[in-house]
Amino acid sequence: MPDIQVKLPDGSTKVVPEGSTVRDVASSIGPRLAAAAVVGRVEGALVDLDAPVRDGQAVEILTESSPVSLDVLRHSAAHVMAEAVKDLFPTARFAIGPAVEDGFYYDFDVERPFTPEDLTAIETRMREIAAEELPFRRGELDRLEALDAFEGQPYKQELISELPPAEAISIYTQGGFTDLCRGPHIPDTGRLRAFALMKVAGAYWRGDSSRPMLQRIYGTAWWSQKDLDAYLTRLEEAEKRDHRKLGRELDLFSFNEAAGAALPLYHQKGARVLRLLQEWERAELYRRGYEELITPHIYKADTWRISGHYDNYRENMYFFTIDEGEGRVTEYGIKPMNCPGHIFVYKSAVRSYRDLPLRWFEFGTVYRHELSGVVHGLMRARGFTQDDAHIFCTPEQVVPEVQAMLDIVDWAMGTFGFEYTAEVSTRPEKSMGTDEQWEIATANLFQALDERGLPYEVNPGDGAFYGPKIDIKLKDAIGRTWQCATIQVDFQNPQRFEMTYRTAENTEAQPVMLHRTILGSMERFFGILIEHYAGAFPTWLAPVQAVLVPIAERHNGYAREVAGKLASFGVRVEVDDANEPMRAKIAKAQAAKVPYMLVVGDKEASDGTVGVRERSQGDLGPMELGAFLERVYERSPLPRAYPPAGPLGGHPVELTDFPE
RNA sequence: GCCGGCGUAGCUCAAUGGUAGAGCAGCGGUUUUGUAAACCGCUGGUUGCGGGUUCGAUUCCUGUCGCCGGCUCCA
């Protein structure tokens, strides 16, 4: 048999007999590589180890150390799970089973929902299948054969009928289970060593709520038990950071059944943090040429008819009617967005091109009736406050204004050290306006991003009903991404509300409206920060910055005196004068994640100092109050000392002047 | 909204077809403390809410509200 030559990634070539497979190439390089090989890449395409290689092809052997091999493992794990389900639930019908981030899932149509016990049984069966080290074998069928092979499997039939009719359809078999699949797969089920089934949930076939609901089992799989354990530990860590849990533990906010679902109640400490975020952002916006507006929370239904919300957003809105007497009934809608108020302010005067751009912001609280199944703590609530702004400008000003917004995003994310990415969303099905308007608006967004050199992805059809948008996603401390800032171009509302301005030529023209948020929802951003910092806010944002810890009862007076001085300089302090040993007070302050504990005893009282303990560094020793104040204000991005706040809890402290 | 799970004191959790218990928190007292929790006592729950089955339900059924995990949607 003649030899052929293949190219390896390091640039060298390898001579192997004709008819060799990827596995043969690996073997010819070395037995250890052959043993470690998972899949191959031939001419850039992922293939099974069984796949043949041809003369002149570029061949790469991928082992467990290659990240893509993990996806292959997980996809194979989904097949093994499907086999286990087939064994245990013979009437099950199979949908799809892809690898996803950190794991895999498979959707099944079964007679009854899976129980946790079912999951255990399926997992046990999977371990048996893995122990059998069954090879994955690829096969090819034509369309008719495939339809025949998957008789009685309506979901597979649907998938097959959508494949290109002329092309061969690949199937994979391991043990007694055959699935429609593009591949590739791990060589045999024995490679599936570290895995776990995580949860079961309902999922619509093809994500369409009008189609049948299937049972989805999520699992995770890793190359080693160590990796699996690390993943499970990571999940536990994320759970500890859960803002809903920390929100309760740190007394930041709560929910009340009687108040209504997804309507957060901010306690003193939570309100402080939200207010601090607003102070921080407000100062910066003023610096950047914005003005603040305050507008109503409810508007007559006619307003929402003009804006298009009545037709396009109704199911998310709260409407109510009010009896005006004499049989007159007026319908109002609670605002889900802040735009109408800002538009009415615009329309309150004749506007000139000299006025533009007008940059108006509002911390506007909006209400949206979110589906009951989607609400999630502060991250997805029914009432929330947007750091909303609308820029009214000429068409020529759109690109620079969008860029200025991207600048603000960069400033805001930089404050917290968040990295972020951009996504552009284009025209959705349910929308208003002409194609031309959408094209211009979308092009403007692309131009702004391109000129700024900010990379982005495109989400076709994901725009708002009135215009395309740029969404910013940030990455938190444990690598999760969150949507915050959004920038939207709107040609619709200026037209619908008949907004105009006088041009230099003394003609009437229509302004362009830009909608934007930077943090998005203050509450969601708050939630993100809680999880990002695991509740331990930086000093400038901490609801309580310092707790005075008197050692014995006789030190309470001095503690209150010090607290009063610090409070008069805007430090947020508490005095813990409980009848408890100081060790207990320190433990409580640590648990409350307070940045500083100020221990005061005989020494401090006579020296006029405080014993500073920092929450993560421990005891820093005695410090003069002035030095401590400097420490508190060090690196604070707040524009100035936030207005004096009395201590929370404990006894009121009189504000006194700080001695020079 | 849909699928599944859950709902016991402020919080974390226990118990049973015969009518509920612990720790923390709270309150009272003792102690007066030097960097992650001192001691004693007390209070506290129509077991989310409504209906049903039952001699009897918190435990079983049902409806409803809420929460949790997904789907869909979204700031």
Side-chain angles (χ1 to χ4, degrees), chain A residues 105 107 112-116 118-119 198-218 242 244-245 248-249 251 254-262 313 315-316 336-337 364 366 368-388 425 462 464 469 471-473 482-486 488 515-525 527-528 549-556 578-592 597-604 611-615 618-622:
Chain A
Y105 69 78
D107 286 345
R112 60 162 178 85
F114 292 119
T115 65
D118 293 336
L119 244 58
M198 305 300 286
K199 56 200 169 196
V200 58
Y204 299 111
W205 168 234
R206 309 206 122 177
D208 184 340
S209 56
S210 68
R211 309 203 62 181
M213 177 150 295
L214 309 172
Q215 289 291 308
R216 173 173 300 177
I217 301 177
Y218 282 93
D242 192 315
R244 294 166 300 186
K245 179 179 150 74
R248 186 173 50 242
E249 288 173 359
D251 195 20
S254 63
F255 292 88
N256 185 297
E257 233 184 271
Y313 208 71
E315 63 277 20
N316 281 301
M337 296 182 192
V366 297
R368 298 183 184 175
H369 182 78
E370 300 294 343
L371 295 178
S372 61
V374 308
V375 298
H376 180 91
L378 262 35
M379 304 299 195
R380 190 81 183 273
R382 285 181 174 157
F384 59 97
T385 304
Q386 293 180 310
D387 60 330
D388 205 358
S425 295
D462 258 3
K469 61 178 182 173
D471 286 326
I472 302 290
K473 305 220 160 155
W482 302 95
Q483 147 120 47
C484 293
T486 181
Q488 309 174 347
H515 307 240
R516 60 95 291 205
T517 64
I518 302 298
L519 307 182
S521 139
M522 303 305 292
E523 292 86 347
R524 172 181 287 183
F525 198 75
I528 292 166
V549 179
I551 288 175
E553 206 173 339
R554 64 178 179 280
H555 307 122
N556 286 353
N579 179 13
E580 277 178 319
M582 60 105 64
R583 289 167 55 83
K585 296 180 188 181
I586 285 172
K588 279 178 185 157
Q590 286 286 155
M597 284 140 272
L598 305 178
V599 176
V600 293
D602 292 334
K603 264 190 309 205
E604 289 78 7
V612 178
R613 179 192 165 93
E614 200 273 339
R615 70 183 157 201
D619 192 356
L620 301 179

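Just so it is clear: chains get the letters A, B, ... in the order the sequence lines come, proteins before strands, and each one is counted from 1. When reading the values below, keep in mind they use all heavy atoms of this one structure, side chains included, and skip hydrogens, waters and symmetry mates.
Donor-acceptor pairing under 3.5 Å, judged by distance alone, is present between the side chain of A:Y204 and the base of B:G1. In terms of polar N and O atoms assigned as donor or acceptor, the side chain of A:R380 comes within less than 3.5 Å of the base of B:C73 in a complementary pairing. Residue-to-nucleotide contacts include a donor-acceptor pair under 3.5 Å from the side chain of A:E370 to the base of B:A75. At a cut-off of 3.5 angstrom, the base of B:U30 holds at least one donor-acceptor pair with the side chain of A:N579.
As judged by a 4.0 angstrom heavy-atom cut-off over every strand, A:A592 is placed among residues making no nucleic acid contact. At the heavy-atom level, A:R368 lies under 4.0 Å from base atoms of the strands shown. Among the heavy atoms of the strands lying under 4.0 Å from A:K603 is at least one base atom, whether or not backbone atoms are also near. Within the 4.0 angstrom heavy-atom criterion, no nucleotide atom of any strand lies near A:D208. Here A:T517 lies out of heavy-atom contact (under 4.0 Å) with every strand. Within the 4.0 angstrom heavy-atom criterion, base atoms lie near A:R613. Contact annotation for A:E604: base contact, defined as any heavy-atom pair under 4.0 Å involving a base atom. Heavy atoms of A:Y218 sit under 4.0 angstrom from primed sugar atoms or phosphate atoms, though from no base atom. The residue A:G373 sits close to a base: some heavy atom pair falls under 4.0 Å. Among the atoms of the strands shown, only primed sugar atoms or phosphate atoms (P, OP1, OP2) are found under 4.0 Å from some heavy atom of A:K469.
Separating the CD1 atom of A:I551 from the P atom of B:A38 is a distance of 15 Å, rounded to the nearest angstrom. Between A:R112 atom CZ and B:G4 atom P there is a gap of 12 Å when expressed in whole angstrom units. Rounding to whole angstrom units, NZ of residue A:K245 and P of B:C68 are separated by 14 Å. Here the C1' atom of nucleotide B:U33 and the CD1 atom of A:I586 are 11 Å apart, to the nearest Å. One interatomic measurement links the two molecules: CG of A:L371 to C1' of B:C3, which rounds to 14 Å at whole-angstrom precision. Note: CG (A:D242) to P (B:U12) measures 12 Å, nearest angstrom. Going from atom CG of A:N256 over to atom P of B:C49 covers 14 Å, rounded to whole Å. The nearest whole Å value for the distance from the CZ atom in A:F114 to the P atom in B:G70 is 18 Å.
Side-chain atoms of A:Q488 and A:S425, non-hydrogen and from C-beta on, never get closer than 4.5 Å to each other. The shortest side-chain heavy-atom distance between A:S372 and A:R382 falls under the 4.5 Å cut-off. Using a 4.5 Å cut-off on side-chain heavy atoms (C-beta onward), A:R524 and A:R380 make contact.
Pairing of B:U33, defined by two Watson-Crick or G-U wobble distances under 3.5 Å, is not identified with any nucleotide. Under the Watson-Crick and G-U wobble criteria, each requiring two contacts below 3.5 Å, nucleotide B:G26 is paired to B:C42. The nucleotide B:C67 finds its pairing partner in B:G5, both defining distances of the Watson-Crick or G-U wobble pair being shorter than 3.5 Å. With a cut-off of 3.5 Å on both pairing distances, the Watson-Crick or G-U wobble partner of B:C60 is B:G52.
Under 4.0 angstrom from either OP1 or OP2 of B:G1 there lies no side-chain N or O belonging to A:S209. Between A:R248 and B:U12, a side-chain N or O to OP1/OP2 separation shorter than 4.0 Å is present.
Closest contact between the side chain of A:P113 and the listed nucleotides B:G4, B:G34, B:U33 involves B:G4. Among B:C71, B:G69, B:A36, the nucleotide with an atom closest to any side-chain atom of A:Q590 is B:A36. For A:D619, taking side-chain heavy atoms from C-beta onward, the closest of the listed nucleotides B:C74, B:C2, B:U35 is B:U35. Nearest nucleotide to the A:P581 side chain, out of B:A38, B:U35, B:G69: B:A38. Distance from the side chain of A:V375 is smallest for B:C67 among the nucleotides B:U33, B:G69, B:C67.
Look at A:K469 and A:D471 and you find a salt bridge, because one of the NZ, NE, NH1 or NH2 atoms lies within 4.0 Å of a carboxylate O, short of that distance. Electrostatic pairing of A:D107 and A:R206 does not count as a salt bridge here, judged by no charged N lying under 4.0 Å from a carboxylate O. Ion pair A:D388/A:R516 not flagged as a salt bridge, since none of the NZ, NE, NH1 or NH2 atoms sits closer than 4.0 Å to an Asp/Glu carboxylate oxygen.
Annotation: of the two residues near RNA chain B, A:A381 and A:L214, the 5′-most nearest-nucleotide partner is A:L214. Nearest-nucleotide positions on RNA chain B for A:E553 and A:R615 put A:E553 closer to the 5' end.
Applying the 6.0 Å contact sphere to CD of A:E249 captures more than 12 heavy atoms from other residues, nucleotides or ligands.
Taking a centre distance below 5.5 Å and an interplanar angle below 30 degrees as the stacking criterion, A:F384 stacks against the six-membered base ring of B:A75.
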